[in-house]
Q: 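Once you've had a glance at the structure underneath, I'll fire off some questions.
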There are 2 protein chains.
Amino acid sequence: MGKVTIIDVARLSGVSKGTVDRVLHNREGVSAKSREKILKVIGELGYEPNVYASLLASRKSRSIAVLLPDSSPGEFWSLYASGIEKAGAAAEPLNISLERVGYNQYELDSFRNACSKVLEMAPAGVVIAPLFKAETSLFTAKLREKGIPYVFIDTKIEDDGYLVYYGMPMYKSGYLCADILSVVRPCEEILVVRIERDKFRQSDPTASRRAGFLDYIEERLPECVVHNVFIDPKDPKGIESRLREFFAEHPAVRHIATFNSRIHLITGFLEKNGMQGLRVVGFDNLPANLDALRKDTVNVLITQHPDEQAASAIRDLVDHVVFKKTPPRRDNFMHMDILTRYNVEYY
Amino acid sequence: MGKVTIIDVARLSGVSKGTVDRVLHNREGVSAKSREKILKVIGELGYEPNVYASLLASRKSRSIAVLLPDSSPGEFWSLYASGIEKAGAAAEPLNISLERVGYNQYELDSFRNACSKVLEMAPAGVVIAPLFKAETSLFTAKLREKGIPYVFIDTKIEDDGYLVYYGMPMYKSGYLCADILSVVRPCEEILVVRIERDKFRQSDPTASRRAGFLDYIEERLPECVVHNVFIDPKDPKGIESRLREFFAEHPAVRHIATFNSRIHLITGFLEKNGMQGLRVVGFDNLPANLDALRKDTVNVLITQHPDEQAASAIRDLVDHVVFKKTPPRRDNFMHMDILTRYNVEYY
DNA sequence: CAAATTTCCGTGCACGGTAACGGAAAAATA
DNA sequence: TATTTTTCCGTTACCGTGCACGGAAATTTG
C-alpha cells in the first residue's frame, strides 16, 4: 500500500513538503540535518512516491530512442515493429515517446550517423541492436558518461553498463536446429544453404548458430556429411542455378538447413522443381517463411519472439526511467519456439 | 496526445466541467440537450480521460476475483500462478487488487461455494476457468445481471457475455501431438496412456485433444494401431503393473503419448525399466515434465503458456475496468510451444 | 552593529479529474 | 401568481506531487 504521502513524511520530520521534495529529487538547499532526518523518516515509513501523481504534476515529457536497422515489411527487422509499437502505446500515458532512429545495417557510417543523432536528442533511454560491435562500444561509453541508460536486444556486446538484454541463445538454436533436422532418419547428408551477402563477413549471431549446429552433428552424427552452398540474396537467378547444380551432383540429399531468416529464398526453387519428401528447417517467423511452412515446403521454423524482446526491453527501460526499477535479470534469453504447419496458425 | 482535457470539453460545450464529468460517468442530472452537445464535442475533440489523474482523484479501490481450482505446487493449475502474480503487481498501482478464490476441481459443491463467495465480494471483474459448464453458466448469468465483466481462461463455455478468452486450441494440439510423435518412423503402433480419475468423466479439453490426435492418425497413418491403457493417477503401483503388463504383451511399441499434463507419472516406469529409443510426447510444462524432458525420458512436450494466458486475461480485464477498453480479439488461442531438451532451458 | 549575502525552507498554485454541496432555473402544485 | 418540488448545473475542495516565489534565519561583510 502506497498510503504514505510526502505530507506524512514532512509532518513527521517537522519540515514542509517542499523540503521533502527537495530531498527526494536531490536538489540543493537543504541543511544536512534536515536531509538526514527526512531520509530517516522516509526509511521508517517506507514512503514510496505516487508515480501517477508525480507524472501528473511534472508535465515534462521524455523520449526513448530505438536504434534499429531499417527494414522493409517482410524482412527480419520488421518483426520487432509490433513490439515497439505496443510498448510505445503503453509508455505514452507516462509521457514517454519512442523515437525510432534507423540505420543501414550494412554501412558503418550510417550507424555512426544514427548514434550521433541519438546523442543530440538527449533521450531518457536508448534501445540498441548492436550490429556493429566496436562502434557500439564507443557509443555506449558516451551514454554512460551522460548517465543515459541503455538496453540491448537481439545481440549483446561485451559491455558493463547495459541495463538489460533480451535475445535468443544463438548457439543453442543451432544445436536445436540440427536435432530437429536429423530426427527424421536416415540422415547421412545435409545441405546447408548459406545465404549471405559476403561470406567473409557473416554476422556473429549466424556464426554461433552455425557452430551449435556443427557441434551437434559432430557429437551425434559424426558420419553425416555437411555440404555448404553459398547464395547471394540479391541474385535470384544465381540461387536457382546454384541449387540446380548442387542437386544434380548430390541427388541423395534430403535434409536442408539455413542459419539466418532467409530460408524463403530457396522455397521457390524447391516448389518449382517439385522436390518432395525433404526435411527443411529454417529460422524466424518472417511472413514468407510462415507461408512456406503452411505449404509444407519448409517443415519446421525455429523462431524467437522479436516483438516480445522489444516489448520487454522497452518496458524494462521505461520502468527504470519512470519508476527507477531495476530488472530482475540482466540477461534474458527468450525461449525458442518450434513452429510446424500445425501450430503456426496460433502463433 | 491526450492533450484534450475535461475543461476544454466543458468550455466548448458551454457548460462546466462538473457537467462533463457527469456525462462521462453516466450519472444523472444532465439535460438531454447538454448531454448530446457534450458527447458531440467529446467526439470531435477526441477527448480521452487521463486515467492517472482519475485514479488519483477517486481513491476508491476495486478488486478482481480469480476463480481457479486449488492446486499444489507442481500441479497443472499452479502454472497460472506466476501470471496472476505478475498481473496483480501491474494492477496494484491502479488501485485494483486480485482476490484468489479457489475450489476443488472434482467437487461441484466447492465450485458453487466459490461462486457465491465471489458474488458476495462484488468485485469489479472476474476471471474464471470454467471446469463446470452448467454451473458456470448460472454463475455468469448472475454476473451479467450485476454488470460485472468476466473473462475465461483455459476453457470456455457457450456464453455470450464474456469479455475475452485465452486458451489453447485443444483439438489442434492433439493433431500436432500425433504429427510430432509419428515423424520418427516407422510408426505402426502407438500407446496412448490415459491418466484419468474416471474414464467416463474425462474433461472436455482432454477429449477434444484426443479427437485431434485420432483424426491425424486416421488421415495420415491409417494402418497405425492405437492402444489405450488406462491409469489411475492416485495409484502408483497400479501404474507400474499396468504398464509392465502392456509391454509384455506389446514389446514392439515404441511410441507413447498422453493427453493431459501427467506424463511424468509414467516416466518413473520407463526409467526403472531402462526403456530406450522410445518416442514419448506429452503436454504441459509441469516441473516434473520438464525434468523428464531434460533427462530425455520424454522427448517432446507440447505446452501452452498458462502464465501468459492468465496475465493477458487479467490485463484485458483491468484495461476494461479502468480504461474501458475492449480487447481487440475476443477469442485468443495462444500459440502451442514445442519443447525438447534443447530449448527447454530458455523456457 | 548594521547591512548585504547566502542558506534554508514554507507557501501556494498547477496538473486533470472526482464528487459533494448548494443554488438557480424550470416544472409541478396549490 | 405564489409556493413547493424537481431538474439541472456551477462551484469548490480535494487527490499526491512538482516547482517557483519569496521570506525568515543564519552567515558573511563593511
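The chains referred to below are lettered A, B, ... by the order of the sequence lines, with proteins before strands, and numbering in each begins at 1. Owing to the predicted nature of the structure, the values given are computational and were not obtained by experimental measurement.
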Q: Hey, is the side chain of B/Ser16 poking within less than 4.0 Å of OP1 or OP2 on D/dG10, counting only N and O atoms?
A: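 So the side chain of B/Ser16 is within the cut-off, an N or O lying under 4.0 Å from OP1 or OP2 of D/dG10.
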Q: Should the side chain of A/Arg22 and the base of C/dG10 be counted as holding a donor-acceptor pair, with the cut-off at 3.5 Å?
A: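 Counting by modelled atom types and ignoring angles, a donor-acceptor contact under 3.5 Å is found here.
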Q: Taking atom P of C/dC8 as reference, at what distance in whole Å does atom CD of A/Glu36 sit?
A: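 Atom-to-atom, A/Glu36 to C/dC8, this comes out as 14 Å.
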Q: Does B/Asp21 reach a base, just sugar-phosphate, or nothing at all? Heavy atoms under 4.0 Å.
A: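 Base contact.
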Q: Taking B/Arg144 first and then B/Asp159, would you say they form a salt bridge - that is, a charged N and a carboxylate O separated by under 4.0 Å?
A: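 Salt bridge: yes.
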Q: Taking N and O atoms by type only, does the side chain of A/Lys17 place a donor or acceptor under 3.5 Å from a partner on the base of C/dG12?
A: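 By the distance-only test, yes, there is a pair.
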Q: Quick one: is A/Ser34 getting a side-chain N or O under 4.0 Å of the C/dC9 phosphate, OP1 or OP2?
A: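 Yes.
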Q: OP1, OP2 of C/dG17 versus side-chain N and O of B/Tyr47: anything below 4.0 Å?
A: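 Checking C/dG17 against B/Tyr47, a side-chain N or O does come within under 4.0 Å of OP1 or OP2.
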Q: So, OP1 or OP2 of D/dG18: does either fall under 4.0 Å of a side-chain N or O from A/Ser54?
A: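 Checking D/dG18 against A/Ser54, a side-chain N or O does come within under 4.0 Å of OP1 or OP2.
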Q: Roughly how many Å is it from CZ in B/Arg62 to C1' in C/dT18, rounded to a whole number?
A: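 Value for this atom pair: 12 Å.
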Q: Using a distance-only test with no angle check, is there a side-chain donor-acceptor pair under 3.5 angstrom linking B/Asp154 and B/Tyr166?
A: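 Note: B/Asp154 and B/Tyr166 side chains miss the donor-acceptor criterion.
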Q: Report yes if at least one side-chain N or O of A/Thr19 is closer than 4.0 Å to OP1 or OP2 of C/dC8; otherwise report no.
A: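 The answer is no; no side-chain N or O of A/Thr19 sits under 4.0 Å from OP1 or OP2.
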Q: Could you state the CD1-C1' distance from A/Ile38 to C/dG10, rounded to the nearest angstrom?
A: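 Whole-Å distance recorded here is 12 Å.
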Q: Can you tell me the distance, in whole Å, between the CG atom of A/Leu94 and the P atom of C/dC15?
A: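 Answer to the nearest Å: 20 Å.
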Q: Distance check needed: D/dC9 P versus B/His25 NE2, whole Å only.
A: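 Result: 17 Å.
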Q: On DNA chain C, compare the nucleotides closest to B/Arg27 and A/Ala57; which residue's is nearer the 5' end?
A: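 With B/Arg27 and A/Ala57 compared, the 5'-side residue is A/Ala57.
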Q: According to the interplanar angle, ranging from 0 to 90°, do the rings of B/Phe333 and B/Tyr165 count as parallel (below 30°), tilted (30 to 60°) or perpendicular (above 60°)?
A: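 Perpendicular: the ring planes of B/Phe333 and B/Tyr165 meet at over 60°.
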Q: Can you measure B/Asp8 atom CG to C/dC15 atom P for me and round it to whole angstrom units?
A: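 After rounding, the gap between these two atoms is 11 Å.
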Q: So does A/Asp316 get a backbone contact from the side chain of A/His320, meaning a donor-acceptor N/O pair under 3.5 Å?
A: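 Absent.
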Q: With a 4.0 Å limit, can you tell me whether B/Ser31 has a side-chain N or O closer than that to the phosphate oxygens OP1/OP2 of D/dC9?
A: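 Yes, B/Ser31 has a side-chain N/O under 4.0 Å of OP1/OP2 on D/dC9.
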Q: Roughly how many Å is it from OH in B/Tyr52 to P in D/dT17, rounded to a whole number?
A: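 Rounded to the whole Å, the gap is 17 Å.
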Q: With DNA chain D as reference, determine whether B/Gly14 or B/Ser58 sits nearer its 5' end, using the nearest nucleotide of each.
A: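 Its nucleotide being nearer the 5' end, the pick is B/Gly14.
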Q: Distance alone, cut at 3.5 Å: any donor-acceptor contact between the side chains of A/Ser34 and A/Glu36?
A: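 No pair is found: no donor N or O on one side chain lies under 3.5 Å from an acceptor on the other.
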Q: For A/Lys33 and C/dC9, what is the distance between atoms NZ and C1' respectively, to the nearest whole Å?
A: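 Answer to the nearest Å: 13 Å.
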